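Numbering of ligands and ligand atoms starts at 1, following listing order. Computed from a predicted model, the values in this text were never measured in an experiment. Any value given below was found using the heavy atoms of this structure, including those in side chains, with hydrogens, waters and symmetry copies removed.
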Amino acid sequence: MVTPEEMVENQLKARNIHDPKVLQAMEEVDRALFVPEDLQHKAYEDRPLPIGRDQTISQPYIVAYMAEQLQLKKTDRVLEVGTGCGYNAAVLSRLARHVFSIEIIAWLADLAVENLQKTGFENITTRYGDGYSGWVEEAPFDAIILTAAPPTIPKPLKDQLKIGGRILAPVGRINQQLLLLHKTGPDSYEEKRLLPVRFVPMTGKADKGGKYGR
Ligand code: SAM
């Protein structure tokens, strides 16, 4: 069985995850609390795992890589689209002031609440709904992260980002790229293509084709 310490050494440090705060968060947040009971012995393996309803908890390396790329500060308010089992939100909550997370599948939204209660972390708020429209009441955010892939980044999410903020998202249907956008002005962004990835597709409004999106 892989231990959290082995995961950090062999999967994260060995692949150039350097940020000590990210490494500490990855070691501290107990991934076993977020995977189904029969998979708990595989919680720290180097791969995504099924969490129910055809969805997955991402590979630890991807969670750490995305957290590092977001360069969060302890004062940051973060929006996550795609709560899943709540694991990524828990990791981000160790690096930021508050994490708001939206999940479109009600069963998973409930599961995340249960899982997050076990951690005792208090700076995470979740809700059930379509993350396409963001979370207007809590906007603007310092950082926004998507853990499901839309064809293009939804405009409401870009609008809910502070100037100077970052959006990190897997984008595309067949050939997905992880994109990092820095908001430089009310409607201007610097875009970096980070790496090819494979995430579950973003459903809801993002799925309705070219009418929505950028
Ligand atoms: N962050 C998750 C974790 O730590 O378990 C992994 C999430 S999984 C790769 C992607 C999640 O995005 C799924 O739970 C899926 O139901 C959700 N999702 C897909 N489209 C969505 C949408 N429009 N709004 C909110 N959540 C969405």
Going through the checks in order, is the side chain to side chain contact (heavy atoms under 4.5 Å, CB included) test met by L194 and L168? CA-CA 10 Å; L194 298 178; L168 184 60; 3.7 Å; yes
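- Within the model, atoms CZ of F121 and CG of L92 stand 11.5 Å from one another, a figure rounded to the nearest 0.5 Å.
- When non-hydrogen atoms are compared, ligand 1 lies under 4.0 Å from the backbone of T83 (N, CA, C, O) but not from its side chain.
- Under a hydrophobic-cluster definition in which Ile, Leu, Val, Met, Phe, Trp and Tyr are linked whenever side-chain heavy atoms come within less than 4.5 Å, directly or via other members, L116 and F100 are assigned to different clusters.
- Given atom 27 (C) of ligand 1, the protein heavy atom at minimum distance is I104 CG2, 3.5 Å.
- Of all atoms in ligand 1, numbered sequentially from 1 with element shown, those under 4.0 Å from a heavy atom of E80 are 1 (N).
- For the residues A148, G82, S58, G84, the heavy atom positioned nearest atom 1 (N) of ligand 1 is part of G82.
- Y44 and D30 share a side-chain donor-acceptor pair at under 3.5 Å.
- Taken from CG in L161 to CD1 in I167, the straight-line distance is 5.0 Å, to the nearest 0.5 Å.
- The V81 neighbourhood of ligand 1 comprises atoms 24 (N), 25 (C), with distances under 4.0 Å to a heavy atom of that residue.
- When only non-hydrogen protein atoms are considered, atom 10 (C) of ligand 1 lies nearest to T147 O, 3.3 Å.
- In terms of protein heavy atoms, atom 6 (C) of ligand 1 is closest to T56 O, 3.4 Å.
- When each atom of ligand 1 is checked for a heavy atom of Y87 under 4.0 Å away, the hits are 4 (O).
- Listed by atom number, the atoms of ligand 1 under 4.0 Å from I105 heavy atoms are 16 (O).
- Proximity of D130 to ligand 1, defined as any heavy-atom pair under 4.0 Å, is shared by backbone and side chain alike.
- R94 and N123 share a donor-acceptor pair across their side chains, judged by distance under 3.5 Å alone.
- Under 4.0 Å from ligand 1, heavy atoms of E103 appear from its side chain as well as its backbone.
- In the vicinity of G131, heavy-atom distances shorter than 4.0 Å reach the ligand 1 atoms 22 (C), 23 (N), 24 (N), 25 (C).
- With rounding to the nearest 0.5 angstrom, the OG1 atom of T56 is 8.5 Å from the CZ atom of F199.
- Of the heavy atoms in T203, both backbone and side-chain atoms come closer than 4.0 Å to ligand 1.
- Look at A206 and you'll find every heavy atom at least 4.0 Å from all atoms of ligand 1.
- By the criterion of a heavy-atom distance under 4.0 Å, neither the backbone nor the side chain of R53 is placed next to ligand 1.
- Applying the 4.0 Å criterion to heavy atoms of G129 picks out, from ligand 1, the atoms 24 (N), 25 (C).
- Ligand 1 places these atoms under 4.0 Å from at least one heavy atom of L108: 14 (O).
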Please determine whether salt bridge (Lys or Arg N to Asp or Glu O under 4.0 Å) holds for the pair K162 and D142, giving the CA-CA distance in whole Å, both sets of side-chain angles, and the decisive distance to 0.1 Å. CA-CA 6 Å; K162 281 186 192 166; D142 299 284; 3.0 Å; yes
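- To the nearest 0.5 Å, atom CD of residue Q160 and atom NZ of residue K155 are 10.5 Å apart.
- Residue contacts with ligand 1 do not include P150, since none of its heavy atoms lies under 4.0 Å from the ligand.
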Verify salt bridge (Lys or Arg N to Asp or Glu O under 4.0 Å) between K183 and D159, making sure each step is shown before the conclusion. CA-CA 10 Å; K183 189 164 181 170; D159 291 344; 5.1 Å; no
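- Evaluated for a salt bridge (charged side-chain N to carboxylate O under 4.0 Å, His left out) with R127, the options E137, E80, E138 yield exactly one hit, E137.
- Q55 OE1, 3.3 Å is the protein heavy atom nearest to atom 13 (C) of ligand 1.
- In summary, the atoms of ligand 1 found under 4.0 Å from a heavy atom of N88, numbered by their order in the structure, are 1 (N), 4 (O).
- Salt bridge R173/D207: present, at least one basic N to carboxylate O contact under 4.0 Å.
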